[in-house]
Amino acid sequence: MAWYRDNCRQLPWRSDISVYRVWVSEVMLQQTQVKTVIPYYIRFMETWPDLKDLAATGLETVLKTWEGLGYYARARNLHKAAGIVVRDMGGIIPDDYKGFKNLPGVGDYIASAVLSITGSKPHAVVDGNVKRVLARLLCVDAPVNHSAAHKAYKAIAEKLLYEKDPGTYNQAVMELGALVCTPKRPDCGPCPLAGECCAYEKQVTDIFPRRIKKKKVPTVHIAAGIVKKKGKVLITRRKLDGLLGGLWEFPGGKVEPKESSEQACIRELREETGIEAGNLQFLTRVFHAYTHFKIEMDVFFCDYISGRVLLNGPIDHKWVSVDQLHQFPFPRANLKFMELIRG
DNA sequence: AACGCGGGGTT
DNA sequence: AACCCAGCGTT
């Protein structure tokens, strides 16, 4: 606790503390590093300073602010939860664990973090940092990236919780994991727990925490078309659930075996949007990595030939001028060639 | 309990 | 290239 007091970082969500501000920060910080989150968080809070502001806006606007941050279900769930609180709960965010965790997008971690930090409720958080610190401190064998091990770490964390100030305690463990007890080459010298750390005493900090091996990720070939018609281009909107849910993109899809990118582009445009396109001109190839697969995407300019748009897959479409593209939320893989379209 | 879900930084 | 990150929802 003393170490945290002297060494904690000044972060935007650590001033003007409120349930709403801490909640938003915890949602953004899921699987996302502090440095990445900071500019998104500042912009979000400037746009929607209060929960009621967020509830009063449209999902597309929220997704646009979230564009590039990833895990877009977080934005959809947060927006939905804001609506529930404002319309069904009189604007009062539940201050009990069960009530708060029942909101969409709020799991054990966020409920424990928000309620301990903003309300001193006695719940221990278990995130990647906490698991790593505990695994080293006690030489815990349970693999940290195995779902079955979560309960074991949660139980340890609950037992160690400092109930007089759970919020500071939780943040102290996480901050220690982020700044000192790092995944590679932990800085054990200044660590306040070095004297009681099992892994440090045995000089095995490099083999804790244990983890199970992950499979390697396949590469998928994709073709996408920027269809031009009367000075406008066609964009489609992905369904609201699943990968990149609710975002806009240039239509396209998988390149099948023994199929060229050009053939795949024409075929996918026909299947997804019902239109015929031709006169393809290669624009660029984009490489992009997701968690479970990688894509190589060939992007083509092409001309609209015939047909009326009849969607099969996408939930919406628009013909827009190039100047309007920035108004819509796109996946990062599309943003990578957005600059080239004007040329 | 396993799996899907982004994107970026570090090593 | 592999690993990691202030996890959650669905099945």
Whole angstrom value for the distance that separates C1' of dA1(C) from OH of Tyr290(A): 19 Å
Trp3(A)-Glu175(A) side chain donor-acceptor pair, cut-off 3.5 Å: no
Residue mapping more 5' on DNA chain B - nearest nucleotide basis, His292(A) or Ala148(A): Ala148(A)
5′-ward residue of the pair Lys184(A)/Arg9(A) relative to DNA chain C: Lys184(A)
Sugar-phosphate only, base, or nothing, as touched by Gly68(A) at under 4.0 Å among non-hydrogen atoms: sugar-phosphate
Sugar-phosphate only, base, or nothing, as touched by Val37(A) at under 4.0 Å among non-hydrogen atoms: nothing
Sugar-phosphate, base or nothing in reach of Asn170(A), heavy atoms under 4.0 Å: nothing
Under-4.0 Å side-chain N/O to phosphate OP1/OP2 contact, Gln31(A) with dG7(C): yes
5' precedence on DNA chain B between Ser147(A) and Thr36(A) (nearest-nucleotide basis): Ser147(A)
5′-ward residue of the pair Pro104(A)/Ile117(A) relative to DNA chain C: Ile117(A)
Separation of atom CD1 in Ile212(A) from atom C1' in dC3(C), rounded to whole Å: 14 Å
Cation over ring face, Lys229(A) and Trp319(A), 6.0 Å, 45°: yes
P gap between dG6(B) and dT11(C), integer Å: 16 Å
Enclosure of Tyr200(A) OH (heavy-atom neighbours >12, cutoff 6.0 Å): no
Touch class at under 4.0 angstrom, heavy-atom based, for Asn145(A) against every strand present: nothing
Touch class at under 4.0 angstrom, heavy-atom based, for Arg185(A) against every strand present: nothing
Touch class at under 4.0 angstrom, heavy-atom based, for Trp23(A) against every strand present: nothing
For atom CG of Leu11(A) and atom P of dA6(C), their distance in whole Å: 11 Å
Sugar-phosphate, base or nothing in reach of Tyr109(A), heavy atoms under 4.0 Å: base
Nucleotide dA6(C), atom C1' - distance to OH of Tyr169(A) in whole Å: 15 Å
Separation of atom CE in Met174(A) from atom C1' in dA6(C), rounded to whole Å: 5 Å
Criterion ring-ring contact (aromatic ring centres under 6.0 Å, His included) on His292(A) and Tyr290(A), from CA distance to verdict: CA-CA 6 Å; His292(A) 300 293; Tyr290(A) 295 92; 10.0 Å; no
Sole residue of Lys254(A), Lys336(A), Arg285(A) in salt bridge (Lys or Arg N to Asp or Glu O under 4.0 Å) with Glu296(A): Arg285(A)
Distance-only side-chain donor-acceptor flag, Thr32(A) / Arg74(A), under 3.5 Å: yes
Interface limits on DNA chain B, where chain A has a heavy atom under 4.0 Å of a nucleotide atom: dA1(B) to dT11(B)
Nearest-Å distance for atom pair OH/P, residues Tyr71(A) and dT10(C): 16 Å
Spacing between Phe287(A) atom CZ and dA1(C) atom P, to the nearest angstrom: 11 Å
Sugar-phosphate, base or nothing in reach of Arg76(A), heavy atoms under 4.0 Å: nothing
Distance SG-SG for Cys139(A), Cys198(A) less than 2.5 Å: yes
Inter-nucleotide P distance (dA6(C), dC3(B)), Å rounded: 24 Å
For Glu256(A), all residues meeting side-chain hydrogen bond (donor to acceptor under 3.5 Å, both in side chains), sequence neighbours excluded: none
Rounded distance (Å) that lies between atom C1' of dA2(C) and atom NZ of Lys294(A): 9 Å
